[in-house]
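Working notes, structure below.
None of the values given here were measured: they were computed from a predicted structure. For this chain, numbers begin at 1 and follow the sequence in order. Both backbone and side-chain heavy atoms feed into the values below; hydrogens, waters and symmetry mates do not.
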Amino acid sequence: MTGSCPRGFDDRLLSGLVDGELTQQDEQRTTLHVAECERCRELLQELRALREVTMSTRLQEPSAGDWNEAPRTHGSRLARLVGWPLLLVWLAGVVGFALWQVATGPEAPLEKLLVFGGLSGVALLFLSVLLDRIRSARTDRYRGVER
């Protein structure tokens, strides 16, 4: 499927012909052109063969176990069970320390306001999303769906 028509014919019409998406006028024009142009006739045959192969290809669906991203071993479950809380405590400590440094440091009041205002806005947005997720999780019809 390399090259283009030596007569300047729009190759996209060939694809439209294969897919059955052309208007009657474009279909007639393309059919007449293909009858006269060997290069476009070859390209049309290649496109039809490609479409046939594509449409007849059957994909194997992964098993239910392949979709599941939950930890598969006891060690992995334990690492996640301990790791996430440790990470959250560490993050809270780092943010708390940084805020304490800004609050007690020699920075100008405007800088303190910008830092606290920005972090407060992000925290409030996160809290609102968290509360909405918790509320919707109670009535979520798809909660137990595996895939």
Side-chain angles (χ1 to χ4, degrees), residues 1-5 8-27 29-31 33-34 37 39-147:
M1 280 198 259
T2 59
S4 60
C5 178
F9 188 75
D10 187 359
D11 292 347
R12 294 177 294 183
L13 291 173
L14 297 173
S15 180
L17 181 65
V18 170
D19 294 336
E21 297 178 349
L22 296 181
T23 63
Q24 184 178 2
Q25 180 183 3
D26 284 340
E27 184 176 344
R29 189 176 70 165
T30 304
T31 304
H33 176 77
V34 167
C37 179
R39 168 68 188 103
C40 288
R41 192 170 37 255
E42 291 172 2
L43 181 57
L44 181 62
Q45 288 173 351
E46 289 178 27
L47 286 172
R48 284 181 172 155
L50 180 62
R51 185 175 197 281
E52 179 63 33
V53 168
T54 303
M55 297 305 286
S56 64
T57 300
R58 299 290 175 236
L59 300 176
Q60 183 179 3
E61 185 175 336
S63 67
D66 292 340
W67 288 96
N68 191 356
E69 294 182 16
R72 293 188 169 103
T73 65
H74 293 297
S76 176
R77 280 188 211 98
L78 181 62
R80 283 193 190 184
L81 184 66
V82 173
W84 278 110
L86 281 176
L87 178 65
L88 292 175
V89 168
W90 173 82
L91 183 62
V94 167
V95 169
F97 180 74
L99 288 175
W100 179 73
Q101 288 291 324
V102 169
T104 60
E107 290 85 11
L110 179 60
E111 290 174 358
K112 292 179 183 182
L113 178 65
L114 290 174
V115 169
F116 282 110
L119 289 177
S120 298
V122 169
L124 288 173
L125 289 173
F126 177 76
L127 181 64
S128 72
V129 170
L130 180 65
L131 292 174
D132 287 344
R133 295 285 301 199
I134 290 170
R135 184 178 308 122
S136 67
R138 294 181 190 147
T139 59
D140 186 8
R141 296 185 307 174
Y142 303 104
R143 186 173 181 181
V145 175
E146 289 288 325
R147 299 192 255 174

- Query: What pairs of residues pass the salt bridge (charged side-chain N to carboxylate O under 4.0 Å, His left out) test when at least one of them lies in residues 116-130, not counting sequence neighbours?
  - Reply: none
Pairwise distance [atom1]([X]) to [atom2]([Y]) - rounded to 0.5 angstrom:
X: Arg48; Y: Leu17; atom1: CZ; atom2: CG; value: 5.5 Å
X: Leu22; Y: Arg12; atom1: CG; atom2: CZ; value: 11.5 Å
X: Arg39; Y: His33; atom1: CZ; atom2: NE2; value: 9.5 Å
X: Cys5; Y: Arg41; atom1: SG; atom2: CZ; value: 11.0 Å
X: Met55; Y: Leu50; atom1: CE; atom2: CG; value: 11.5 Å
X: Leu44; Y: Thr31; atom1: CG; atom2: OG1; value: 8.5 Å

Distance-only donor-acceptor pairs under 3.5 Å for side chains of residues 120-129, two or more places apart:
unit_1: Ser120; atom_1: OG; unit_2: Phe116; atom_2: O; d: 2.6
unit_1: Ser128; atom_1: OG; unit_2: Leu125; atom_2: O; d: 2.8

Just list the side-chain donor-acceptor pairs under 3.5 Å for residues 88-106, sequence neighbours left out, or say none.
unit_1: Thr104; atom_1: OG1; unit_2: Trp100; atom_2: O; d: 2.8

- Does the side chain of Leu14 come within less than 4.5 Å of Phe9's, by heavy atoms?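 Yes, their side chains come closer than 4.5 Å.
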- Applying side chain to side chain contact (heavy atoms under 4.5 Å, CB included), run through Arg77 and His74 and close with a yes or a no. CA-CA 5 Å; Arg77 280 188 211 98; His74 293 297; 3.3 Å; yes
- Nearest heavy-atom neighbours spanning Thr30 and Asp26: OG1-O, 2.7 Å
